2 protein chains.
Amino acid sequence: MNFITATLKALALRGASNRYVPVSTRGLGRGLGVSQQTASNRLIAMEASGLISRRRGVHGQDVMISKDGMELLRREFADYQRIFTEPGAIKLSGTVASGLGEGQYYLNKPGYHTQILEKLGFTPFNGTLNIRVSESEMAKLSIVPPESRIRIDSFRADGRTYGEAECIPVKINDISCAIIMPKRSHHTGVLEIISANHLRQELCLKDGDTISVILERRF
Amino acid sequence: MNFITATLKALALRGASNRYVPVSTRGLGRGLGVSQQTASNRLIAMEASGLISRRRGVHGQDVMISKDGMELLRREFADYQRIFTEPGAIKLSGTVASGLGEGQYYLNKPGYHTQILEKLGFTPFNGTLNIRVSESEMAKLSIVPPESRIRIDSFRADGRTYGEAECIPVKINDISCAIIMPKRSHHTGVLEIISANHLRQELCLKDGDTISVILERRF
DNA sequence: ATTACTAACAAGCGAGTAC
DNA sequence: TGTACTCGCTTGTTAGTAA
């Protein structure tokens, strides 16, 4: 019965969590990497255990996950939430990169400076530590929901508008700092870190050194 | 290879996501509902696939999930987030109950009244619909993170303090309304619903009718 | 107390096929 | 197009046991 959660999950992703959706055993099998026959078997077994209910027609069937089935998925989800909400559970690795990022520029503007002190609780060192990370490492940040990100508002000064940015609190070698990302900019494969300290000096870092950034909190 | 995610998840829940943790094959097997031998086999197979790394001692072993292993879990988690973030994915069922809840009392106070209009976007009907739900249905609300709940602040009036409350936007038969819960109160097994409409009349409800509440948004 | 081997067994899979 | 049988075979599990 080890296949049950995987199959339920596939059905839920097809929308079967709250309504009947048309499901073909061939298509379901393809999605799960198993044969049409296996998909059929699984649906039969899961219907027998009361995890799904089915409506059979001549040209196919509709499937909906039952209350019990959803309860099972809900418990799975709760487990994953525990795993990824645990502090330090998510780590991004990359290499120290040189060059000034956009973030550096921001730190000189009082409008950002004071917001960082207010919202992150530290006066930022005047410079960012840049970390080159792969696409897959960067993708880990998508786990952090918008509500858990700290928003640095836009403001006007010197006759122009400075755009908003987003911060995510992290730790590097147990030093509290934060990722800062301009809201309207493409991902360049470089993370910019702000901190009260001169991280490069404090941690004796040089370009190319491998380094890990640990997310502090989520949800 | 269907056992892999379940086993990785069990290891992650034991803290193996970011450090080596002592794991006994007997204990792991018990947690997974399999034999000691099976747990041993799984660890061997997962080490061979590079999903975990192990340090063997004489009296046991330490296990840590690898980068690849965590990536696999992260993708699982992303799937579950999609499932449970989909509007309408979570449904609480219960029966209509009579009697005045605490919520009713609040609605008469202008302090709450205006906050509800401001934060939920409707002027509440002067009364709550009470729905008796089981413990397990109530537990579903724990999926809604604090940031997604709408906070009704406490305020002072008539020489006393009115405590804060929390709202969760929901739909009942496609009518937008909200669960309201006093912050400092025990769960009584009754959900209180506020709405712009007189729900009981609008939906022709009487005590004991079965009814479903659908969560509108999360995260 | 551990882990992990071997060997017998069971569960799950899928090709072929019927409907 | 569909679903779901049978049945041979593979994969995963476990008891017994060694280290």
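Worth saying up front: this structure is predicted, and the values here are computed from it rather than measured. Sequence lines set the chain letters: A, B, ... in the order given, protein chains first and strands last, and positions in each chain run from 1.
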Crowded around [X] [atom1]? As in, over 12 foreign heavy atoms under 6.0 Å?
X        : atom1 : value
B:Arg26  : CZ    : no
B:Arg132 : CZ    : no
A:Arg14  : CZ    : yes
A:Arg82  : CZ    : no

Task: Closest-nucleotide ordering on DNA chain D, the 5'-leading residue of A:Gly60 and A:Gln37 - done: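 Nearest-nucleotide comparison on DNA chain D picks A:Gly60.
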- [ ] Assign each of A:Arg54 and A:Asn2 to its nearest nucleotide of DNA chain D by heavy atoms, then name whichever residue's nucleotide is nearer the 5' end.
- [x]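 First, find each residue's nearest nucleotide; the 5'-ward one identifies A:Arg54.
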Roughly, in whole Å, what's the span from [atom1] in [X] to [atom2] in [N]?
X       : N      : atom1 : atom2 : result
B:Gln36 : D:dA15 : CD    : P     : 10 Å
A:Arg26 : D:dA4  : CZ    : P     : 14 Å
A:Leu28 : D:dA4  : CG    : C1'   : 14 Å

Taking 4.0 angstrom as the limit, do [X] and [Y] come out as a salt bridge?
X        : Y        : answer
A:Lys9   : B:Glu76  : yes
A:Arg151 : A:Glu164 : yes
A:Arg56  : A:Glu47  : no

Open item on the list: For a 4.0 angstrom threshold against heavy atoms of chain A, report the outermost contacting nucleotides of DNA chain C in 5' to 3' order.
Closed with: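 It runs C:dG12 to C:dG16.
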Open item on the list: Name the residue from B:Asp209, B:Asn130, B:Asp207 that meets the side chain to side chain donor-acceptor pair (under 3.5 Å) definition with B:Arg200.
Closed with: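 Passing option: B:Asp207.
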Task: DNA chain C contacts among residues 39-49 of chain A, heavy-atom distance under 4.0 Å - done: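 DNA chain C contact set from residues 39-49 of chain A: A:Arg42.
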Open item on the list: Regarding B:Thr38, tell me which of base, sugar-phosphate or nothing describes its non-hydrogen contacts under 4.0 Å with the strands shown.
Closed with: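 If one applies the 4.0 Å heavy-atom cut-off, B:Thr38 turns out to touch a base.
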